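Inspection log for the structure reproduced underneath, given as structure tokens.
This is a predicted model, so every value here is computed, not measured. Start at 1 with the first residue, then count along the sequence.
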Amino acid sequence: MSAKRGRCLQATPNLATIEKVSDAGGHTTVLLIGEGSMLAQGHASLSATANQAIAAACAADRSLQKTGGTVVVQQDPLVLKCVLGPTGPLSRDIDDVRRYGEAAREASQRAVASGTVSCVLVVLPPAKPCDPARFLRYVEVATLAVLACNYSPLEFRERVSEQSFLQLVSVLTTEQYAFWDGFVQRVQAVEAARVLARDVCGCDPERMTPARVAEHLLQELQGKEVSVRVENNWEMLQREYPLLAAVARCSVQVPRHHPCVIHLEYTGSGPITDTLFFVGKGIVYDTGGADVKAGGHMAGMHRDKGGAAVVAGFFKALALLKPKGVRAVGKLAMVRNSIGADSYVADEIILSRAGVAVRVGNTDAEGRMVMSDLLCQAKEQALEAVNPSLFTIATLTGHAGRACGEAYSIVMDNGAAKLKQVHNKLCKAGDSWADPFEISTLRREDFEYNKPKYYTEDVVQCGNAPSSMTDRGHQVAPAFMTVASGLDKHDLDASVPLAYTHMDIAGSTRMHPTPVSAAPLPALIAAYCF
């Protein structure tokens, strides 16, 4: 029952593919995923006894084809029980591949609750989908959902010697599916990336202080196709990243909360055709600072490092998949936004790395502060890079969750990125891998919102109200970062335009106690690694 991985239990089940149910050994549990009407017919890989049991159960209880359930198989040496996972309809305009993931997750949870420790996953193709392109990756989506719902958080793995989760998932490969080649490698890479992101994002603020995040990433990534470099000298951080240092200066009083910047780099083999710069928000805990999160709104803010966690996870996937022709640079701003006598406060004017005078409007808008100087540094490096694209990823605004809900990440491009169709590339990948985006647009009003109110400043960080109470709250944040980093000097009308894309994942990361989603990692990996 206990499966050790070093000092810890395994984070997710092992994965294999099999050609016959008998390859899994005897008395196994089969998860059968598909449209309800097809589930009642069973599957050709199952014995006549198992198929008859499924048909009889569905005839006796038609709700099995709608809500799922467990069918016990008598006198079958191979199959002990079949757990039915109906997807619901797949033929309407609103249906997409997420239905496979949802059905697989529920079936897996039902199997685990009954004591199952290993299973065979059988995924039926859609009969008449509304749009076949939406369902191309249906087997991978179902498999990833089973792995995800059996994820064990790092803190749990470090203190518990046993777990009641699946240990092995064997995917049956009898169906005609265009992506069996490399299937296990792809799925394992995506899940390993998500495990790292969940571990970093989901751990409590003392288990994942800035220094301990750096330690964890050095252990997980260093020397495995990725270089890891940590900057933590306080004088240097103040000099190189003044906006980040302003947010961090209160936390410096507590040695274990000392900030750092983590630099990651991957260079694929062959001629480089694309250079990707990622800046991730890594607020290990957000008290709100002097504009404190009152009224119970502080709970859950250990997950404000979701952007940095996603960037780290992406580099895990790069290390495993080794895409050719890609160079990637990651910059993680690991900071605690503490409250105390040395907190930065509203009305301060701070000169950014780009030389832009920033007037602070609200200390709870710290994410755009800690990323702006790193975005400026990425901009400087991008000027010497091959076909560069810059990204910021952050659990940045409550407005993102209010605008689009928790099922969707938000993506928005500047003019140069829009010409490269970065948002469409990510959206297409996300739709295929059940990791969807909503597209937002940066407008002139977003930049006007941040215009200086007085000649003492060049840009205003934000207003005094929370982003969720601000018109276009999730758009004004990347508009600010564009100006504070000096990227506005690289618009389409500049001699050297630079493509910049911002992703707000405040809604899609999910709040405690819901498991960390690690969105939009599947979409990012599919867009740039496959």
Side-chain angles (χ1 to χ4, degrees), residues 10-17 29-36 39 67-70 82-90 95-114 116-126 129 134-153 165-173 175 177 179-180 183-184 186-195 197-198 202 313 317 406-409 429-436 508-510 514-526:
Q10 64 189 57
T12 57
N14 294 317
L15 179 66
T17 54
T29 296
V30 173
L31 308 186
L32 188 59
I33 312 301
E35 293 167 274
L39 294 180
T67 60
T70 300
C82 292
V83 181
L84 306 184
T87 61
L90 303 176
D95 298 320
D96 59 57
V97 74
R98 287 178 295 170
R99 290 198 176 277
Y100 274 95
E102 292 157 1
R105 181 179 67 246
E106 292 178 12
S108 174
Q109 291 170 339
R110 182 174 276 119
V112 169
S114 70
T116 298
V117 294
S118 65
C119 71
V120 173
L121 178 62
V122 181
V123 189
L124 306 180
R134 297 185 196 176
F135 297 90
L136 289 177
R137 299 283 184 170
Y138 69 97
V139 180
E140 280 145 315
V141 167
T143 305
L144 283 166
V146 173
L147 298 180
C149 74
N150 286 280
Y151 162 75
S152 298
F165 296 111
L166 288 177
Q167 303 297 299
L168 174 64
V169 177
S170 301
V171 183
L172 193 69
T173 61
E175 295 297 335
Y177 185 61
F179 305 104
W180 286 129
F183 175 88
V184 170
R186 282 194 306 276
V187 173
Q188 286 181 330
V190 173
E191 187 57 17
R194 296 199 301 184
V195 165
R198 293 188 199 109
E406 66 175 22
Y408 303 91
S409 302
D431 287 346
S432 295
W433 286 80
D435 190 16
S508 60
T509 294
R510 311 288 172 86
T514 306
V516 176
S517 71
L521 264 175
L524 274 173
I525 296 166

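Using the six-membered ring where Trp is involved, Y138 and Y100 have ring planes that are tilted, between 30° and 60° apart.
Considering only residues two or more places apart in sequence or on other chains, R186 meets the side chain to side chain donor-acceptor pair (under 3.5 Å) condition with E140. Annotation: side chain to side chain donor-acceptor pair (under 3.5 Å) contacts of S409 (sequence neighbours excluded): S508. With sequence neighbours excluded, no residue forms a side chain to side chain donor-acceptor pair (under 3.5 Å) with T509.
For the atom pair L166 CG and N150 CG, the distance stands at 4.0 Å (nearest 0.5 Å). Separation of atoms CG (L168) and OG1 (T116) is listed at 12.0 Å; rounding is to 0.5 Å. To the nearest 0.5 Å, the span separating CD on E106 from CD1 on I33 amounts to 9.5 Å. The distance from the CG atom of L147 to the CG atom of N14 is 9.5 Å, given to the nearest 0.5 Å. Note that the CG atom of L524 and the CG atom of D435 stand 8.0 Å from one another [nearest 0.5 Å]. Put simply, CG on L31 and OG1 on T70 are 9.0 Å apart, with the number rounded to the nearest 0.5 Å.
The minimum heavy-atom distance between G68 and R110, with the atom names listed, is C-NH1, 3.7 Å. The two residues R510 and S517 make their nearest non-hydrogen contact at CG-CB, 3.9 Å. Contact detail for P86 and A103: the closest heavy-atom pair is O-CB, 3.4 Å. Of all non-hydrogen atoms in W180 and V139, the two that sit nearest each other are CH2-CG1, 3.7 Å. Across every non-hydrogen atom of Q188 and L15, the tightest pair is NE2-O, 3.9 Å. Heavy-atom minimum distance, V83 versus A111: CG2-CB, 4.1 Å.
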Q | Step-by-step side-chain contact (heavy atoms from CB on, under 4.5 Å) determination, C82 to L32 | A | CA-CA 7 Å; C82 292; L32 188 59; 5.5 Å; no

Q: I would like to know whether L136 and F179 meet side-chain contact (heavy atoms from CB on, under 4.5 Å); could you show each step before the answer?
A: CA-CA 9 Å; L136 289 177; F179 305 104; 4.1 Å; yes

Q: I would like to know whether V97 and R137 meet side-chain contact (heavy atoms from CB on, under 4.5 Å); could you show each step before the answer?
A: CA-CA 8 Å; V97 74; R137 299 283 184 170; 5.6 Å; no

Q. Would E175 and L124 satisfy side-chain contact (heavy atoms from CB on, under 4.5 Å), going step by step from the backbone distance to the final call?
A. CA-CA 7 Å; E175 295 297 335; L124 306 180; 3.8 Å; yes

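A 4.5 Å side-chain heavy-atom check between S152 and F165 finds at least one atom pair inside the cut-off.
With hydrogens and angles ignored, the 3.5 Å screen pairs no side-chain donor or acceptor of R134 with any backbone N or O of D431. Checked by atom type and distance alone, the side chain of R194 pairs as donor or acceptor with a backbone atom of L144 at under 3.5 Å.
Of the listed residues (T17, V169, V171, T143), just one forms a side chain to side chain contact (heavy atoms under 4.5 Å, CB included) with V187, and that residue is T143.
With respect to the salt-bridge test (charged N to carboxylate O, under 4.0 angstrom), the residues R198 and E191 qualify.
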